[in-house]
Amino acid sequence: MSRLRRLLVQSRPRFWLYLAGPALVGIAYGARSTTDLYAPASLALLAYFLLPANVYLYGANDVFDADVDAENPKKEGRERRYRGDPVLVAAVAVSALLGVALAVALPVTAPWILAFLVLGWAYSAPPRLKTKPPLDSLSNGLYVLPGVAAYAALTGETAPLPAIAGGWLWTMAMHTFSAIPDIEPDRRAGIDTTATVLGETRALAYCGACWFLAAVVFGLLDVRAGLLLGVYPLFALGLHASDVALERAYWWFPAVNAAVGAVLTVGGLWGVVRA
């Protein structure tokens, strides 16, 4: 039980919806009837991106970042340092195999699931995209891929390009924002990221710009979605104008993202009910 608790902590429960949420949105907009919401493909994708995918993504990150995390104060509270536990390594491997199995079982999702696995690995393991700005930011579009996979599973089609592009821009901003509290620990560890290169003020401006572009691109698909995503650049402006520490604001985002994602999901479900 102790090892299971450690494994769950390292899978970042606060952030589970960062992968499962896009899958939910993809299901909501890919469904053509209420039956699709409970289809085996929907349930399998949601289950995978809720837990195993998080174990894979964050577990690999912790294993390969063990030296860097020695300087990171975030690992002393809500997160946990990797201390050579072979159970975590095994769990990462099993989670990767489950992803491959899911791609084989649902061939239409294979490009997106495999891209998620490749980018998730390359981000933390060699070539360590996380240390190669701006690839660290760009590669985090992987968080959109669960939604694209879910949409493809139910429709047999690729999600609309504005949805993919807007979501990718949104994840780029979220990644860099999450790296701002790590600027000093990363610099001490000799790690380059988009945040360390830009510094706190310019990194926040970069996040605001990406969030603004995401809102504009989503607006090409649906004006209401664009307006909803507009909350993020406003949030960035508010943080810039206030004296709230970004280290504190970082922990608000699971709730903010859950609320925005819930509105998007309900919008999709409303369309399914009315169909």
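Computed over heavy atoms, backbone and side chain alike; hydrogens, waters and symmetry mates excluded. Start at 1 with the first residue, then count along the sequence.
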Tyr206 atom OH: more than 12 heavy-atom contacts under 6.0 Å: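 Atom OH in Tyr206 is crowded, with more than 12 foreign heavy atoms closer than 6.0 Å.
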
Just jot down the salt bridge (Lys or Arg N to Asp or Glu O under 4.0 Å) partners of Glu184, sequence neighbours excluded, or say none.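 For Glu184 the salt bridge (Lys or Arg N to Asp or Glu O under 4.0 Å) partners, ignoring immediate neighbours, are Arg187.
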
Compare every heavy atom of Gly99 with every heavy atom of Leu117, then report the nearest pair and how far apart it is.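 Shortest heavy-atom contact: CD1-C, 4.0 Å.
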
Where Lys132 and Pro127 come nearest, the two heavy atoms and their spacing: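 So the two residues come closest at NZ-O, 2.6 Å.
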
For Tyr18 and Trp170, take the angle between the two ring planes, folded into 0 to 90°, and tell me which bin it lands in: parallel under 30, tilted 30 to 60, perpendicular over 60.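 If you compare the ring of Tyr18 with that of Trp170, the planes turn out perpendicular.
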
Is there a donor-acceptor pair under 3.5 Å between the side chain of [X] and the backbone N or O of [Y]?
| X | Y | result |
| --- | --- | --- |
| Ser242 | Leu239 | yes |
| Ser139 | Leu119 | no |
| Tyr123 | Asn140 | no |
| Thr194 | Pro133 | no |
| Ser95 | Ala91 | yes |
| Arg202 | Glu200 | no |
| Ser42 | Asp36 | yes |
| Tyr56 | Ala96 | no |
| Trp112 | Ala103 | no |

Is there a path from Leu213 to Val260 through hydrophobic residues (I, L, V, M, F, W, Y) whose side chains come within less than 4.5 Å of each other?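 Same cluster: Leu213 reaches Val260 through Ile, Leu, Val, Met, Phe, Trp or Tyr contacts under 4.5 Å.
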
Let me check something: do Leu221 and Leu228 share a hydrophobic cluster, defined by ILVMFWY side-chain heavy atoms less than 4.5 Å apart, either directly or through other members?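 No; tracing contacts between hydrophobic side chains, which count when under 4.5 Å, never links both residues.
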
What do the steps show when you test Trp16 against Tyr58 for ring-ring contact (aromatic ring centres under 6.0 Å, His included), and what is the final call? CA-CA 10 Å; Trp16 281 359; Tyr58 294 117; over 10 Å; no

Output, in order, the C-alpha distance, side-chain angles, deciding distance and verdict of side chain to side chain contact (heavy atoms under 4.5 Å, CB included) for Arg32 and Leu154. CA-CA 8 Å; Arg32 296 296 179 259; Leu154 295 180; over 6 Å; no

Separation of [Y] [atom2] from [X] [atom1] (nearest 0.5 Å):
| X | Y | atom1 | atom2 | value |
| --- | --- | --- | --- | --- |
| Leu17 | Asn257 | CG | CG | 9.0 Å |
| Asp192 | Asp136 | CG | CG | 9.5 Å |
| Leu138 | His175 | CG | NE2 | 10.5 Å |
| Cys207 | Phe212 | SG | CZ | 15.5 Å |
| Met174 | Thr171 | CE | OG1 | 9.5 Å |
| Leu19 | Tyr48 | CG | OH | 9.0 Å |

For side chain to side chain contact (heavy atoms under 4.5 Å, CB included), just list the numbers for Trp252 and Val244, CA-CA rounded to whole Å, side-chain angles, deciding distance to a tenth of an Å, and then say yes or no. CA-CA 12 Å; Trp252 298 347; Val244 175; 3.6 Å; yes

Quick check: do [X] and [Y] have side-chain heavy atoms less than 4.5 Å from each other?
| X | Y | answer |
| --- | --- | --- |
| Asp182 | Thr193 | no |
| Leu229 | Val217 | no |
| Trp121 | Phe64 | yes |
| Val25 | Tyr151 | no |
| Thr196 | Ile191 | no |
| Arg12 | Asn61 | yes |

Is the distance between the ring centroids of Trp211 and Phe253 under 6.0 Å?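 Ring centres of Trp211 and Phe253 closer than 6.0 Å.
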
Any Lys/Arg nitrogen of Lys130 or Asp186 sitting under 4.0 Å from an Asp/Glu carboxylate oxygen of the other?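 Asp186 and Lys130: not salt-bridged.
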
What verdict does the side chain to side chain contact (heavy atoms under 4.5 Å, CB included) test give for Ile27 and Tyr38, after you've listed the backbone C-alpha separation in whole Å, the side-chain angles of each residue and the deciding distance to 0.1 Å? CA-CA 9 Å; Ile27 291 169; Tyr38 307 100; over 6 Å; no

